[in-house]
Amino acid sequence: MIPNPLRDPRDRRLPRVPEPCALVVFGITGDLARKKLLPAVYDLANRGLLPTNFALLGFARRDWGDQDFAELARDAARNAARTPWREEVWERLANSVRFVQGSFDDDNAFDELAATLDELEGSHGIGGNAAFYLSIPPAMFPVVLKQMQRTRMAESTPDRWRRVVVEKPFGTDLASSRELNELVDSVFSAQDVFRIDHYLGKETVQNLMALRFANELFEPVWNGHHVDSVQITMAEDVGIGGRAGFYEKTGAARDVLQNHLLQLLALTAMEEPVEFSADEIRTEKLKVLRAVSLPQDLRTFAVRGQYEQGWLAGQRAKGYRQEEGVDPSSTTETFAAVRLGVETRRWAGVPFYLRTGKRLPRRVTEIALVFKRAPHLPFADTDTEELGNNQLVVRVQPDEGVTLKFGSKVPGSVMEVRDVSMDFLYGEQFTETSPEAYERLLLDVLLGDATLFPRNAEVEASWSVIDPLEEFWAGSTPEPYRAGEWGPRAADRMLAAEGRRWRRP
């Protein structure tokens, strides 16, 4: 593609628009495609971020024609779009929508898919460029990848690029992760593989790097000399929905701890990269993940739980074992909490407490740096009874923003110091709404920008942390907690053992 001579790549006012290309989605009729991918494609089109020569190609078992698929895509996009609905935008997009029917083991269907891509190169000018999104169960990856290898759809050449997007979970342990990675890398070249963790697409997660490295204010205290502990929480108020089959085999640690929370830990603890590029950022994150240490006393500092019947937002919530499709004697955890260390000069001795769970009181994801108490307080004890630790909290969702908690004098005739909060909210500070995570990540895939996508080594380093936990928990029964509570009591005892307690988000 010939670069525009009038465009300065340093000008951030101009949006990044990909080259002509196609997006091929396997499993286009699934929940992920309907609720996230199709709305994200429409929103990108509505924001003017898709190339003029763009095609959307769906592949699934349904016996549909292009028009049937276009109707499904339209309904899905309209129901979940985050930008205003404009019929003229959809009409332009609908002219580039195609559907190929077939099963993953059907050679003829994949031959037709390859032929359709070739046709689109002529009819829509996509230049042979294509990204393949595997919105399918990991068990189907080998079949699909081998079909793509057979039809040579996966081959990038000097004249065209071909990329693949792989959804988590990236395996179920270190061994299966390596096996999956080897399979994907045998079909696509390493730089063309995009392992998607949608949390890294959230604006506040990216703002974490801006907060640290664009400001002089925070970096001097972002270390073990000043930070007492770090708490990273991902809480959900919902249950497992219709995902019993997946969740029974996975559990909270594999589903969330292994990817989302360890990635947030890596971004929090990483050193400043030499430059803001994909390779340099991944290098620093990988150093952190390889420096993560598990506690020697896993019985105290690694807790898993399972929700029981309770009350949430005024509604009775059934227990996990009563959910449809769940084994009545299941020992799958719906809550996991662990104390980790990061063995680097910056973070030596600082505990990182990670927790995730379902059926907790509210949906929230946050990173909280809890600072040490002042070494000396010249006030009477009664003056500071209401004073806690200073805290810097990055709220990933909802109410995206940053909160700084510090001590202030209460107005009055006596010296009384207590905690106050200073808040920065994205929604109040900026007029433009933040793009949804899948919007940003899909755009990055089409642009070939891998900054927000973990590579093999990061995935394997994460499994090296989780595998010993799973081995320790094997055969044990999770601690019970009622739906609507902040997890089992053992999680509170974990922090109390070191004189700390969980933040209430």
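Atom set for the values below is all heavy atoms of this structure, side chains included, hydrogens, waters and symmetry mates excluded. Being a predicted model, the structure only gives us computed values, none of them experimental.
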task = Check the pair Tyr353, Val230 against side-chain contact (heavy atoms from CB on, under 4.5 Å), reporting the backbone distance first and the verdict last.
result = CA-CA 6 Å; Tyr353 299 108; Val230 179; over 6 Å; no
request  = Report yes or no: do Ser293 and Glu343 form a side-chain donor-acceptor pair below 3.5 Å?
outcome  = yes
Contact summary for Gly48 and Val17, nearest pair of heavy atoms = O-CG2, 3.9 Å
inquiry  = Would you say that more than 12 heavy atoms from the other residues, nucleotides or ligands in this model lie under 6.0 Å from the NE2 of His225, or not?
reply    = no
task = For Gln296, look at atom CD and say whether over 12 heavy atoms of other residues, nucleotides or ligands are found less than 6.0 Å away.
result = no
message = Return the CG to CG distance between Leu93 and Leu50, rounded to the nearest 0.5 Å.
response = 7.0 Å
query = Is the backbone N or O of Val370 less than 3.5 Å from a side-chain atom of Asn389, with the two atoms forming a donor-acceptor pair by type?
reply = no
inquiry  = Could you tell me if the side chain of Leu257 sits less than 4.5 Å from the side chain of Leu469, heavy atoms only?
reply    = yes
key: Donor-acceptor pair, side chain of Asp449 and main chain of Thr451, under 3.5 angstrom   = yes
ask   = Between Ala76 and Arg34, which heavy-atom pair has the shortest distance, and what is it?
value = CB-O, 3.4 Å
ask   = Below 4.0 angstrom, N of the basic side chain to O of the carboxylate: do Arg47 and Glu439 qualify?
value = yes
request  = Please report the shortest heavy-atom distance between Leu32 and Ser135, naming the atom on each side.
outcome  = CD2-OG, 3.5 Å
query = Does any N or O in the side chain of Thr356 come within less than 3.5 Å of the main-chain N or O of Met234, such that one atom is a donor and the other an acceptor?
reply = yes
remark   = When every non-hydrogen atom of Asp43 is compared with those of Ala81, the smallest separation belongs to OD1-CB, 3.6 Å
message = Are the side chains of Pro480 and Gln306 in contact, using a 4.5 Å heavy-atom criterion?
response = no
task = Show your reasoning for whether side-chain contact (heavy atoms from CB on, under 4.5 Å) applies to Thr250 and Thr172.
result = CA-CA 7 Å; Thr250 308; Thr172 55; over 6 Å; no
inquiry  = Measuring from atom CG of Leu289 to atom OG of Ser462, what distance do you get when rounded to the nearest 0.5 angstrom?
reply    = 4.5 Å
remark   = Note: Arg455 and Val193 closest approach over all heavy atoms is NH1-O, 2.7 Å
ask   = Could you give the distance from CE (Met494) to CZ (Arg501), rounded to the nearest 0.5 Å?
value = 15.5 Å
query = Are the side chains of Asp423 and Leu404 in touch, meaning some heavy atoms are under 4.5 Å apart?
reply = no
request  = Under the side-chain contact (heavy atoms from CB on, under 4.5 Å) rule, what do Leu495 and Gln231 come out as? Steps first, then yes or no, please.
outcome  = CA-CA 11 Å; Leu495 267 69; Gln231 296 184 18; 3.8 Å; yes
query = What distance do Leu265 atom CG and Ile367 atom CD1 have between them, rounded to the nearest 0.5 Å?
reply = 9.0 Å
ask   = Does Asp279 come within less than 4.0 Å of Arg282, counting only side-chain N to carboxylate O?
value = yes
ask   = Do Gln391 and Arg503 come close enough that some side-chain heavy atom pair is under 4.5 Å?
value = yes
request  = Measure the CG-OH distance between Asn79 and Tyr42 for me, rounded to the nearest 0.5 Å.
outcome  = 12.5 Å
ask   = Do Phe335 and Tyr307 have ring centres separated by under 6.0 Å?
value = no
task = Taking the side chain as every heavy atom from C-beta outward, state whether Pro18 and Phe54 have any pair of such atoms under 4.5 Å apart.
result = no
query = Among all residues two or more places apart in sequence or in another chain, which pass the side-chain contact (heavy atoms from CB on, under 4.5 Å) test with Asn456?
reply = Asn181, Asp185, Arg195
query = Are Arg373 and Asp228 ion-paired here, with the side-chain N under 4.0 Å from a carboxylate O?
reply = no
key: Exercise: identify the closest heavy-atom pair between Tyr247 and Thr334   = OH-CA, 3.8 Å
query = Does Ser476 reach the main-chain N or O of Trp473 with its side chain, forming a donor-acceptor pair under 3.5 Å?
reply = yes
request  = May I ask you to say whether Lys285 pairs ionically with Glu458, meaning some side-chain N is under 4.0 Å from a carboxylate O?
outcome  = yes
task = Begin from the C-alpha positions of Ile281 and Met209 and carry the test side-chain contact (heavy atoms from CB on, under 4.5 Å) through to its verdict.
result = CA-CA 10 Å; Ile281 290 171; Met209 289 186 276; 4.1 Å; yes
inquiry  = Within this structure, what is the CG-CG distance for the pair Leu49 and Leu44, rounded to the nearest 0.5 Å?
reply    = 6.0 Å
message = Determine whether a donor-acceptor pair (N or O, by modelled atom type, separation under 3.5 Å) exists between the side chain of Asn390 and the backbone of Phe371.
response = no
query = Is any side-chain heavy atom of Val41 closer than 4.5 Å to a side-chain heavy atom of Leu23?
reply = yes
ask   = Are the side chain of Asp173 and the backbone N or O of Ser176 linked by a donor-acceptor pair below 3.5 Å?
value = yes
query = Do the side chain of Arg362 and the main chain of Pro505 share a donor and acceptor less than 3.5 angstrom apart?
reply = yes
query = Does Trp502 have Arg355 sitting over its ring (NZ/CZ under 6.0 Å from centre, angle to axis within 45°)?
reply = yes
task = Would you check if Ile196 and Tyr438 make a side-chain contact, meaning some heavy-atom pair closer than 4.5 Å?
result = yes
query = Any chance the rings of Phe352 and Trp347 have centres within less than 6.0 Å?
reply = yes
Between Glu333 and Tyr320: side-chain donor-acceptor atoms closer than 3.5 Å = no
message = Counting neighbours of CZ on Arg212 that are heavy atoms of other residues, nucleotides or ligands and sit closer than 6.0 Å, is the number greater than 12?
response = yes
ask   = Less than 4.5 Å apart, any side-chain heavy atom of Thr365 and any of Leu264?
value = yes
ask   = Just by distance, with hydrogens left out, do Thr233 and Glu366 show a side-chain donor and acceptor under 3.5 Å apart?
value = no
task = List for me each residue that meets side-chain hydrogen bond (donor to acceptor under 3.5 Å, both in side chains) alongside Arg346, sequence neighbours excluded, and say none if there are none.
result = Glu219, Glu271
query = Do Arg395 and Thr403 have side-chain atoms, one donor and one acceptor, less than 3.5 Å apart?
reply = yes
inquiry  = Using a 3.5 Å distance criterion without hydrogens, assess whether the side chain of Glu284 forms a donor-acceptor pair with backbone atoms of Met270.
reply    = no
key: Sidechain-backbone polar pair: Arg363 side chain, Ala235 backbone, donor-acceptor under 3.5 Å   = no
inquiry  = Could you go through Asp237 and Lys358, starting from their C-alpha distance and side-chain angles, then the distance that decides it, and tell me whether this counts as salt bridge (Lys or Arg N to Asp or Glu O under 4.0 Å)?
reply    = CA-CA 6 Å; Asp237 53 3; Lys358 290 190 175 293; over 6 Å; no
key: Lys/Arg-Asp/Glu bridge criterion (N-O < 4.0 Å) met for Glu498, Arg339   = yes
